[in-house]
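Take a look at the structure set out below.
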Amino acid sequence: MLAIDHWAWSNRWSRRAPAEKLVPAAGLLAISLALPPLTTAPLVLLTTTIAVVAGARVPAGVFLKVMAVPAGFILTGAPMLALSLDLADGLRIALAPDGLRHAAEVSIRSLAAVSCLAFLSLTTPMADVLAMLRRLGVPRLVLEVMLLTYRLVFVFLERAAAGRQALTARLGTNGFAVSVRSVGLLAAGLFQRSLDKGRRLEVGLGARAWDGELPLSAACRTPSPAGLAVGVAVVAVVGAIGFWLRGGAA
């Protein structure tokens, strides 16, 4: 999360209008959902990787780390999609007809969709995202929840890092059993500290005459026609190639 926020503010495209990055991200996401995944999803993955690494100049290692966590969840659940459960004559688990193909399609399509989100999050600061969503008419309450959640995530990570450092200094990770116990204590402490931070935040807002609305930036960069045209062109080219490959596969 810290790496995402850092590169969202320091990448080559951080000062470009958020709409110029939302258009290709949303378009590629729609393509990955609409067209056959085995032929189109790799194109989407390749396009987003080139855009992030070569276009926005985000290190390839950072992009791979951002993709690694959701990819782990997707690949862990993929084998379950290839199996069938039969309860007619007791419990029987077997490989479903065309199960491997179905698991591969779902997995590669999910990875392509996640790459579109990774592209947007690594190239667009959260402040720009909120300003763009406000201009698009998203309810203010939703934006305020997003803002608070985004802020508290970093508070949570800071507390977790400090707690882990304290556990290491006290030999709390010396051995598997001790490590499990220490992680449990750390998680319980973090939950209590998060609730306490939320209460103190509410008290602080009340002491500052909070009127029920958090201040949100209304400024949103105006997209350039050239930037939008490039985004639309990329989506059109990827969609055309995917559609052509779909016809060839058929």
Gap between atom CZ of F63 and atom CH2 of W7 - 0.5 Å precision: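 Going from CH2 on W7 over to CZ on F63, the span is 14.0 Å.
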
Approximate separation, where rounding is to 0.5 Å, of S14 OG and L122 CG: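 The distance works out to 12.0 Å.
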
Please tell me whether [X] and [Y] are part of a single hydrophobic cluster in this structure, the criterion being side-chain heavy atoms less than 4.5 Å apart.
| X | Y | result |
| --- | --- | --- |
| L117 | L29 | no |
| V237 | W244 | yes |
| L81 | I74 | no |
| V138 | M126 | yes |

With a 4.5 Å cut-off on side-chain heavy atoms, are [Y] and [X] touching?
| X | Y | answer |
| --- | --- | --- |
| L228 | P225 | no |
| L35 | L245 | no |
| V232 | V23 | yes |
| L45 | M67 | yes |
| L38 | R101 | yes |
| P125 | W9 | yes |
| N11 | R57 | no |
| V58 | V53 | no |

Ignoring hydrogens, what is the shortest heavy-atom contact between [X] and [Y]? Give both atom names and the distance.
| X | Y | result |
| --- | --- | --- |
| V235 | P24 | CG2-CA, 3.7 Å |
| T124 | P18 | CG2-CB, 3.9 Å |
| G242 | T39 | O-OG1, 4.5 Å |
| P37 | R109 | CD-NH2, 3.1 Å |
| M146 | L133 | CE-CD1, 3.7 Å |
| I4 | S121 | CG2-O, 3.7 Å |

Any donor and acceptor pair, going by atom type alone, linking the side chain of [X] with main-chain N or O of [Y] inside 3.5 Å?
| X | Y | result |
| --- | --- | --- |
| K21 | W13 | yes |
| S107 | A103 | yes |
| E105 | P36 | no |

Stepwise side-chain contact (heavy atoms from CB on, under 4.5 Å) test for V44 and S115: CA-CA 8 Å; V44 174; S115 72; 4.2 Å; yes

Passing candidate, side chain to side chain contact (heavy atoms under 4.5 Å, CB included) with L28, options L33, T48, T40, L43: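 Among L33, T48, T40, L43, the one that satisfies the side chain to side chain contact (heavy atoms under 4.5 Å, CB included) with L28 is T48.
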
